[in-house]
Amino acid sequence: MGPLNSSERRRSFFIFTVFFIVSIGIIMSTIFYGMQVPTKQNEQLKAQVNDFQKQQTFLKVFAAKLSQTKKMLDKINMPGVGAGTEVVIASNIDSLRLLGLDTVAHGKLFGDVAESLSSLDQALKQLRDNGSSSDQVAKLQQQLNDARRDLAQCQANVALLEKK
């Protein structure tokens, strides 16, 4: 003596079971992804922070080296400055060039700064070597002023990058 609608009951129970399992699956996947996504985002944010810190460290080193080289270039024509200063200036300019090559972002800018310093150094050397010729002095002075203007522009660009 069984119920008359037992097949209907089985079918309804089966449909209920399927929908129950699907609902539980959706809830479980939502919980799983709700925990996984923040973890992945956290890793990405940490990587971005590390990149930013590396850039800031690079900019500080580059700016310090640039400032030191500029001060040396300003003092090189003063009396009592030895020939060792020229070697230090050349090595600083080379290290600035190498630092500029190491950066992926804005590498050309840093290379241009190093080239401007190199041009300024060459102009100062020519100015010292040809000190008596007034025509050459005026020409070299113009080149020196151009190089200083380029250097100031590059320093302004570096300062803008440091603020970012």
Side-chain angles (χ1 to χ4, degrees), residues 25-164:
I26 290 173
I27 291 171
M28 294 302 287
S29 64
T30 303
I31 291 171
F32 175 74
Y33 286 116
M35 295 177 81
Q36 285 295 329
V37 170
T39 303
K40 297 251 185 219
Q41 285 178 341
N42 194 19
E43 291 171 4
Q44 290 175 347
L45 289 174
K46 284 181 182 179
Q48 287 177 352
V49 166
N50 286 338
D51 288 343
F52 181 74
Q53 287 174 342
K54 286 178 186 176
Q55 286 178 357
Q56 289 300 323
T57 303
F58 166 78
L59 286 175
K60 285 179 184 177
V61 168
F62 191 87
K65 195 82 98 166
L66 178 68
S67 177
Q68 178 188 15
T69 305
K70 185 176 181 271
K71 286 178 186 176
M72 289 175 141
L73 282 171
D74 288 342
K75 293 179 183 179
I76 195 155
N77 287 334
M78 293 183 178
V81 176
T85 306
E86 290 181 22
V87 173
V88 173
I89 290 172
S91 69
N92 278 354
I93 291 173
D94 288 340
S95 66
L96 284 173
R97 253 190 216 118
L98 292 175
L99 279 174
L101 292 177
D102 288 344
T103 64
V104 175
H106 310 295
K108 183 168 176 17
L109 171 71
F110 296 116
D112 290 345
V113 169
E115 282 302 315
S116 296
L117 282 176
S118 180
S119 297
L120 179 61
D121 185 36
Q122 292 298 322
L124 286 172
K125 282 181 185 177
Q126 286 179 353
L127 189 62
R128 282 192 308 274
D129 293 343
N130 301 326
S132 62
S133 174
S134 62
D135 290 338
Q136 287 182 345
V137 168
K139 183 179 174 183
L140 292 174
Q141 189 67 34
Q142 180 62 33
Q143 288 177 353
L144 175 63
N145 290 335
D146 292 343
R148 283 188 176 153
R149 186 184 68 243
D150 290 345
L151 177 61
Q153 180 64 33
C154 291
Q155 283 178 329
N157 289 342
V158 167
L160 284 173
L161 284 175
E162 285 180 347
K163 289 182 182 178
K164 288 184 181 181

Asks: Quick one: pull up CG in D121 and CD1 in I93 and give me the separation to the nearest 0.5 Å.
Replies: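 With rounding to 0.5 Å, CG (D121) is 4.5 Å from CD1 (I93).
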
Asks: Find the distance between CG (L66) and CG (L59) and round it off to the nearest 0.5 Å.
Replies: 11.5 Å

Asks: Once salt bridge (charged side-chain N to carboxylate O under 4.0 Å, His left out) is applied, what residue pairs with a partner in residues 31-49 remain, sequence neighbours excluded?
Replies: none

Asks: Report the residues that fulfil salt bridge (charged side-chain N to carboxylate O under 4.0 Å, His left out) with D112, sequence neighbours left out, ordered by chain and then residue number.
Replies: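 With neighbours one apart ignored, the set is K108.
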
Asks: Show me the donor-acceptor pairs within less than 3.5 Å that the side chains of residues 67-74 make with the rest of the protein, sequence neighbours left out.
Replies:
residue: T69; atom: OG1; partner: K65; partner atom: O; Å: 2.8
residue: T69; atom: OG1; partner: N92; partner atom: ND2; Å: 3.3

Asks: Out of R149, Q141, Q143, which residue meets the side-chain contact (heavy atoms from CB on, under 4.5 Å) rule with N145?
Replies: Q141

Asks: Run the side chain to side chain donor-acceptor pair (under 3.5 Å) test against E115 and tell me which residues pass, sequence neighbours left out.
Replies: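 Listed in chain order: R97.
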
Asks: Taking only residues two or more places apart in sequence, or in another chain, which ones meet I27 in a side chain to side chain contact (heavy atoms under 4.5 Å, CB included)?
Replies: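 Here the qualifying residues are I31.
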
Asks: Could you grab the distance from atom OG1 of T39 to atom OH of Y33, nearest 0.5 Å is fine?
Replies: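 Output value for this atom pair is 13.5 Å.
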
Asks: Under the side chain to side chain contact (heavy atoms under 4.5 Å, CB included) test, which residues partner Q41, sequence neighbours left out?
Replies: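 So Q41 forms a side chain to side chain contact (heavy atoms under 4.5 Å, CB included) with V37.
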
Asks: Does Q142 have any side chain to side chain donor-acceptor pair (under 3.5 Å) partners at least two apart in sequence or in another chain, and if so, which?
Replies: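 So Q142 forms a side chain to side chain donor-acceptor pair (under 3.5 Å) with D146.
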
Asks: With no hydrogens and no angle check, is any side-chain donor or acceptor of S118 less than 3.5 Å from a backbone partner on A114?
Replies: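 Judged by distance alone, no pair lies under 3.5 Å.
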
Asks: Flag the pair Q53 / Q56 as yes when at least one side-chain heavy-atom distance between them is below 4.5 Å, and no otherwise.
Replies: no

Asks: Distance from L120 atom CG to L151 atom CG, nearest 0.5 Å?
Replies: 6.5 Å

Asks: Distance from Q48 atom CD to D51 atom CG, nearest 0.5 Å?
Replies: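 So the gap between those two atoms works out to 7.5 Å.
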
Asks: Holding to side chain to side chain donor-acceptor pair (under 3.5 Å), I want the full list of residues that pass it with S116, two or more places apart in sequence or in another chain.
Replies: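 For S116 there are no side chain to side chain donor-acceptor pair (under 3.5 Å) partners, ignoring immediate neighbours.
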
